[in-house]
Amino acid sequence: MNPGRLNQRIKIYKTGTGYDDYGEPLDTKTQVDTKTQVHDCWASIKNKSGTEQFQASTPFAKVVTSFLIRYTKKVIDTTMKIDFKGEIYNIIYVDNYNFSNQWIEITAEKVM
């Protein structure tokens, strides 16, 4: 992989429920979602083709995108989201590319 292809900036963050001054979760009436940035990095971005979506049994109405980033020891999982150019993506799969600890491939779907 040519590192020059990592030409798009993305932010990976987790969302959660707000907490009061005592560390207790807020009740549902006053609940506020908070965004905590986990990782900010350069990525190579590619939309999945129709053939790839068909093979993966993914509905065509969804926009599925692959984000390739440099390996990080920070935990990235399917509960997190990606912000790319103001668009939000739900992470659906995280792969340590070829178990090499050099690249991480993140598959995500655009929030409509």
Side-chain angles (χ1 to χ4, degrees):
M1 171 68 184
N2 179 356
R5 292 190 178 191
L6 303 177
N7 59 359
Q8 301 292 329
R9 200 75 177 158
I10 65 170
K11 294 177 185 175
I12 301 171
Y13 65 92
K14 61 181 175 180
T15 58
T17 306
Y19 294 91
D20 64 14
D21 295 337
Y22 301 104
E24 296 292 322
L26 297 172
D27 63 38
T28 54
K29 295 175 186 166
T30 58
Q31 197 171 39
V32 178
D33 283 337
T34 58
K35 280 176 35 173
T36 305
Q37 185 171 314
V38 175
H39 194 53
D40 184 16
C41 61
W42 293 97
S44 173
I45 300 170
K46 181 179 105 173
N47 283 333
K48 297 281 186 180
S49 69
T51 304
E52 289 173 311
Q53 287 190 45
F54 180 75
Q55 290 173 347
S57 301
T58 306
F60 287 99
K62 296 180 182 179
V63 176
V64 179
T65 305
S66 176
F67 298 87
L68 186 65
I69 64 172
R70 289 183 188 272
Y71 179 80
T72 179
K73 290 184 178 181
K74 297 175 185 174
V75 176
I76 299 172
D77 60 35
T78 57
T79 64
M80 298 178 183
K81 298 180 184 298
I82 294 176
D83 183 344
F84 170 58
K85 293 187 176 183
E87 301 286 339
I88 305 301
Y89 294 80
N90 289 325
I91 296 176
I92 53 178
Y93 183 69
V94 180
D95 180 30
N96 180 353
Y97 200 70
N98 293 330
F99 301 101
S100 65
N101 289 350
Q102 291 182 341
W103 306 102
I104 295 175
E105 183 178 27
I106 302 170
T107 304
E109 72 181 22
K110 188 175 179 180
V111 176
M112 298 287 185

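- Side-chain heavy atoms closer than 4.5 Å link hydrophobic residues (I, L, V, M, F, W, Y) into clusters, and following such links, even through other members, never connects V64 to I88.
- Atom NZ of K14 is separated from atom OG1 of T79 by 8.0 Å, given to the nearest 0.5 angstrom.
- In this structure, S44 OG and N7 CG are separated by 6.5 Å, a value rounded to the nearest 0.5 Å.
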(request) Walk me through it: do V94 and D77 pass the test side-chain contact (heavy atoms from CB on, under 4.5 Å)? (result) CA-CA 6 Å; V94 180; D77 60 35; 5.6 Å; no
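- Counting only N and O atoms by type, the side chains of N98 and S100 include no donor and acceptor under 3.5 Å apart.
- Residues N101 and N96 approach most closely at OD1-ND2, 2.6 Å, considering heavy atoms.
- Of the inter-residue distances, the one linking C41 atom SG with R9 atom CZ reads 7.0 Å to the nearest 0.5 angstrom.
- Annotation for I91 and K81: closest pair CD1-N, 4.3 Å, computed over non-hydrogen atoms.
- With contacts defined as side-chain heavy-atom distances shorter than 4.5 Å, the pair T65/I82 does not qualify.
- The only option from R5, E105, K46 that meets the side-chain contact (heavy atoms from CB on, under 4.5 Å) definition with L68 turns out to be E105.
- Scanning both residues, I104 and T72, for their nearest heavy atoms gives CD1-N, 3.7 Å.
- Residues I12 and V111 do not share a hydrophobic cluster, defined by chaining ILVMFWY side chains whose heavy atoms lie under 4.5 Å apart.
- With hydrophobic clusters built from ILVMFWY side chains whose heavy atoms lie under 4.5 angstrom apart, Y71 shares a cluster with I45.
- Ring-plane geometry between Y89 and F84 is classed as tilted, the angle between the planes lying from 30 to 60 degrees on a 0 to 90 degree scale.
- Connection of V38 to I10 is established within a shared hydrophobic cluster, with ILVMFWY side chains joined at heavy-atom distances below 4.5 Å, either directly or through further cluster members.
- Across L6 and W42, no two heavy atoms sit closer than the pair O-CB, 3.6 Å.
- Closest approach of I69 to H39, counting heavy atoms only: CD1-CD2, 4.3 Å.
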